[in-house]
J.: 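Just dropping this structure here.
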Amino acid sequence: MKLSRRNFLALSCGAAGLVNTPLVLSGPVQAAEAKNVSPGLHQLAQIRKVDFGTCFSSHLIKGDPSYTDAVLANCGVIVPENEMKWEQLHPTAERFDFSKSDRLAEFASRNHLSLRGHTLVWHLQQPAWIKAIDGAASAERILIDHIETVVGRYSQSVSSWDVVNEAIEPSHGRRDGLRQTIWLDLLGPEYLDLAFYAAHAAAPECQLVYNDYSLELANREHGKRRYHTLKLLEGMLARGVPVHALGIQGHLPADVGQFDSDTFAEFLRNVSGLGLKVLITELDVSDRNLRSNTEYRDRKVAEVYQAFLETALDNPAVTGILTWGLSDRYSWLQENRPRDDKIPMRPLPLDANLERKQAWHAIAKVFSTDPTWSRGSSASD
Ligand code: G3I
């Protein structure tokens, strides 16, 4: 991967950050080239002034050193895949268990990685005791206590939190498009404001994100979800709720025909027009509906990464790109959305042997070439 001199310059003084805390790299591309090691995706992402990372799990630190090395070679930010969810952090009403999340926080700190938190309020992966909460008063106390305890513990390590995850579900029939969850049932729509206020009080410097899925494609379902998400964010901002960014998960199908750049670009403009930043938080491209030929699948998956990221990075409000896994060796899709023919899926930038796929090169290409050079940088940057 040869970079132009101009991109070298940009990269050597690259600065990016999920919360505008510039990651100043000291000539990483020069360093990489000197070691005859081509730059990883995060180093390349600095050219576009964004961070690149992926979800990661604590058991892999010792359990899979080669995968961990690949993460370190390509990422500047990680997010726990499961370790900061209620079922792992708060297994009983009386007890928190930070053993796994602490291991990840220490790993991130030791390796100078930014750390995202995922997620403070969600309707899935909740421990059984949550169902026994009775009444609004105890629900509010429990929710605020959880957030204050968790966000407070990681106030110096987590730079960006998914405060509420997946609160929109239009099929549940509410005018506001909100998902029927235990928090909505007990506290009403105000639970979202409560969560963001509690997180902000516990870590005033931290970027607070609303995270959701199926916002990306040009179809009726995604259009309704975009509408309700924008209304939700507008209302929160109008009430002065401290929400700083929208997390767009980016779980995409490899059928590139469903992605329309203009539709997605308009949505990004609508979000950034509210003064919000945007993170792509869980990007992967599922090849489950493609015919089995590996070269064909890799090519189609790469095309979607390229089309999606070219559109995303055209909007300066997009400051971070995280995939949901770095290698086909570990993808939630394999267990949760497998191919009918059971052939191993290939949704991520590296294959199961940690080799760079067409998807990796497609992402690298988008990061390394900025046709519009429109992100407020200049040659002297
Ligand atoms: O921890 C238990 C373990 O004790 C038990 O032996 C094992 C038996 O299967 O299950 C383990 O729990 C699993 C958990 O991941 C931790 O590995 C659950 O079964 C499994 O369902 C759970 O899947 C996670 C999924 O969220 C749950 O909905 C995936 O790893 C994770 O990648 C996925 O991530 C979500 C994001 O958080 C939100 N956006 C969507 C994304 C994909 O669903």
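Along the sequence shown, residues are numbered consecutively beginning with 1. Whatever order the structure lists ligands and atoms in, that order sets their numbers, starting from 1. All values reported here derive from a predicted model rather than from experimental measurement.
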J.: Within the 4.5 Å heavy-atom criterion, are His228 and Glu169 side-chain neighbours or not?
T.: no
J.: Without swapping roles, check the side chain of Thr54 against the backbone of Gly325 for a donor-acceptor pair under 3.5 Å.
T.: yes
J.: Around atom CZ of Arg153, are there more than 12 heavy atoms from other residues, nucleotides or ligands closer than 6.0 Å?
T.: yes
J.: So, Ser101 versus Glu83: side-chain donor-acceptor pair below 3.5 Å or not?
T.: no
J.: Write none if no such pair exists; otherwise list each N/O atom of ligand 1 with its protein N/O partner under 3.5 Å and the distance.
T.:
unit_1, atom_1, unit_2, atom_2, d
ligand 1, 26 (O), Lys85, NZ, 3.3
ligand 1, 26 (O), Gln125, OE1, 3.4
ligand 1, 30 (O), Glu81, OE2, 3.4
ligand 1, 30 (O), Asn82, ND2, 3.0
ligand 1, 32 (O), Glu81, OE2, 2.5
ligand 1, 32 (O), Trp324, NE1, 2.9
ligand 1, 34 (O), Trp324, NE1, 3.2
ligand 1, 37 (O), Lys85, NZ, 2.6
ligand 1, 37 (O), His118, NE2, 2.7
ligand 1, 39 (N), Glu166, OE2, 3.0
ligand 1, 39 (N), Gln249, OE1, 3.2
ligand 1, 39 (N), Gln249, NE2, 3.4
ligand 1, 39 (N), Glu282, OE1, 2.7
ligand 1, 39 (N), Glu282, OE2, 3.2

J.: Indicate the ring-plane relationship of His90 and Trp86, choosing parallel, tilted or perpendicular according to the 30° and 60° boundaries.
T.: parallel
J.: Would you mind listing the cluster partners of Leu124? Hydrophobic ones only (ILVMFWY), side-chain contacts under 4.5 Å, chaining allowed.
T.: Trp122
